[in-house]
Amino acid sequence: MFAAIAVALAAGLLSWAYQTIKPPPPKICGSPGGPPITSPRVKLSDGRHLAYREMGVPKEEAKHKIIVIHGFDSSKDLSLPVSQETIEELSIYFLFFDRAGYGESDPYPSRSVKSEALSGASLVVPFVHYWWPSLPANISREGFQTLCTADQRTFQVAHHTPWLFYWWMTQKWFPSLSIMAGNMNLFSPPDMEIIKKLSETPNVGQEKVRQQGVHESLHRDILAGYAKWEFDIMDISNPFPNNEGSVHLWQGYEDRIIPFQINRYIAEKLPWIHYHEVPDAGHLMLFKTELCEAIFRALLLG
């Protein structure tokens with residue numbers, strides 16, 4: 001009798017545990033009950049669809065074509081503060097796209113840093129990983145300890161026990177990711193000025209960012225970023241050995257989300273990276289008009 005009760009309780013507990021760690025299925029755009037498809041999309045070689053948006057001068061007439069990849073909790077509908085005069089002067093064609101699971105692009109459960117790169121992705125802001133093997137422990141620790149305790153725990157769960165990540169992000173006992181909780185202390189004074197200015201105009205398309213599921217968009221972003229990478233950052237060689245192109249990295253010194261210590265170290269060890277550390281800028285510096293236009297001029301004109 002007691003053995004049967006114990007077995008039933010164990011089975012119930014296992015069933016409950018499984019349900020708490022298993023994320024819900026995504027609400028795929030265009031599927032029954034899913035969000036509608038309202039943007040142009042292209043079909044990738046693996047069958048997934050990628051939604052995109054075009055801006056600037058016509059593609060056939062452009063001297064420069066730029067692919068812009070959005071960051072965390074954003075989409076292809078992000079608005080860059082580049083004036084029409086600058087766009088026409090430099091003859092720029094912009095292509096924005098929703099990354100997997102965001103907006104109207106199909107989810108990809110196996111998303112990783114490698115799969116993002118194969119889609120032509122780079123990050124709007126420089127990203128750092130605290131477990132790169134070649135990163136000195138003191139540099140990694142210095143950057144990691146600038147983060148709040150909740151974020152440190154969240155990134156550790158994503159790195160060490162990714163199978164528990166959905167439960168961690170949905171449990172109510174401990175705070176998880178501070179940016180998703182609306183913690184504005186994450187943003188430096190320069191960032192707060194930009195946020196105030198951005199709040200004055202409607203954020204078009206923001207309602208579509210998470211429409212296929214928070215796990216498919218935001219959670220998988222963190223898992224891809226902080227899980228074990230397929231390569232080490234110091235193993236990357238110069239993609240332009242004959243100076244046919246260049247790699248630039250902009251880092252805000254006042255960035256409280258991406259610590260400058262790690263990106264500064266990487267740039268010192270990989271001298272082919274043109275490193276720009278901006279003294280009075282934070283995480284959102286790309287959305288400051290003069291900085292945004294300066295970045296594009298540096299990329300296109302040298």
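Basis for what follows: all heavy atoms, side chains included, without hydrogens, waters or symmetry-related copies. Values in this document were obtained by computation on a predicted structure and should not be read as measured data.
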Please find the pair of heavy atoms, one from [X] and one from [Y], that lie closest to each other, and give the distance.
{"X": "Asp77", "Y": "Gly205", "answer": "OD2-CA, 3.8 Å"}
{"X": "Ile179", "Y": "Phe72", "answer": "CG2-CE2, 3.8 Å"}
{"X": "Phe287", "Y": "Ile194", "answer": "CB-CG2, 3.8 Å"}
{"X": "Gly282", "Y": "Pro190", "answer": "N-CB, 4.2 Å"}
{"X": "Ile87", "Y": "Gly56", "answer": "CG2-CA, 3.8 Å"}
{"X": "Val57", "Y": "Ala62", "answer": "CG2-CB, 3.6 Å"}

With no hydrogens and no angle check, is any side-chain donor or acceptor of [X] less than 3.5 Å from a backbone partner on [Y]?
{"X": "Arg53", "Y": "Leu78", "answer": "yes"}
{"X": "Glu244", "Y": "Asn242", "answer": "yes"}
{"X": "Ser140", "Y": "Tyr130", "answer": "yes"}
{"X": "Arg210", "Y": "Asp73", "answer": "no"}
{"X": "Asp232", "Y": "Ser134", "answer": "yes"}

Side chains of [X] and [Y]: does their closest heavy-atom pair fall under 4.5 Å?
{"X": "Ile233", "Y": "Leu135", "answer": "no"}
{"X": "Tyr102", "Y": "Phe97", "answer": "no"}
{"X": "Asp255", "Y": "Phe260", "answer": "no"}
{"X": "Ile139", "Y": "Ile262", "answer": "yes"}

Inter-residue atom distance [X].[atom1] - [Y].[atom2], 0.5 Å rounding:
{"X": "Asp151", "Y": "Gln156", "atom1": "CG", "atom2": "CD", "answer": "11.0 Å"}
{"X": "Met184", "Y": "Asp191", "atom1": "CE", "atom2": "CG", "answer": "9.0 Å"}
{"X": "Ser105", "Y": "Ile28", "atom1": "OG", "atom2": "CD1", "answer": "12.0 Å"}
{"X": "Glu277", "Y": "Leu249", "atom1": "CD", "atom2": "CG", "answer": "10.0 Å"}
{"X": "Ser176", "Y": "Met169", "atom1": "OG", "atom2": "CE", "answer": "4.0 Å"}
{"X": "Met55", "Y": "Leu95", "atom1": "CE", "atom2": "CG", "answer": "11.0 Å"}

Donor-acceptor pair between Gln211 and Glu207 side chains, under 3.5 angstrom |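 No donor-acceptor contact under 3.5 Å links the two side chains.
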Hey, is Glu104 close enough to Arg41 for a salt bridge, meaning N to O under 4.0 Å?
->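 Salt bridge between Glu104 and Arg41, a charged N being under 4.0 Å from a carboxylate O: no.
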Determine, for Arg111 against Asp221, whether the closest basic-nitrogen to carboxylate-oxygen distance falls under 4.0 angstrom.
->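 A salt bridge links Arg111 with Asp221.
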Quick one: sort the [X] and [Y] rings into parallel, tilted or perpendicular, breaks at 30° and 60°.
{"X": "His274", "Y": "His248", "answer": "parallel"}
{"X": "Trp250", "Y": "His276", "answer": "parallel"}
{"X": "Trp132", "Y": "Trp229", "answer": "perpendicular"}
{"X": "Phe155", "Y": "Tyr226", "answer": "parallel"}
{"X": "Phe174", "Y": "Trp168", "answer": "parallel"}

Option among Gln212, Lys208, Lys76 that satisfies the side chain to side chain donor-acceptor pair (under 3.5 Å) test with Asp98 =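 Option passing the side chain to side chain donor-acceptor pair (under 3.5 Å) with Asp98: Lys76.
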Pairing residues for Arg256 by the side-chain contact (heavy atoms from CB on, under 4.5 Å) criterion, not counting sequence neighbours =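 Only Ser188, Pro189 meet the side-chain contact (heavy atoms from CB on, under 4.5 Å) criterion with Arg256.
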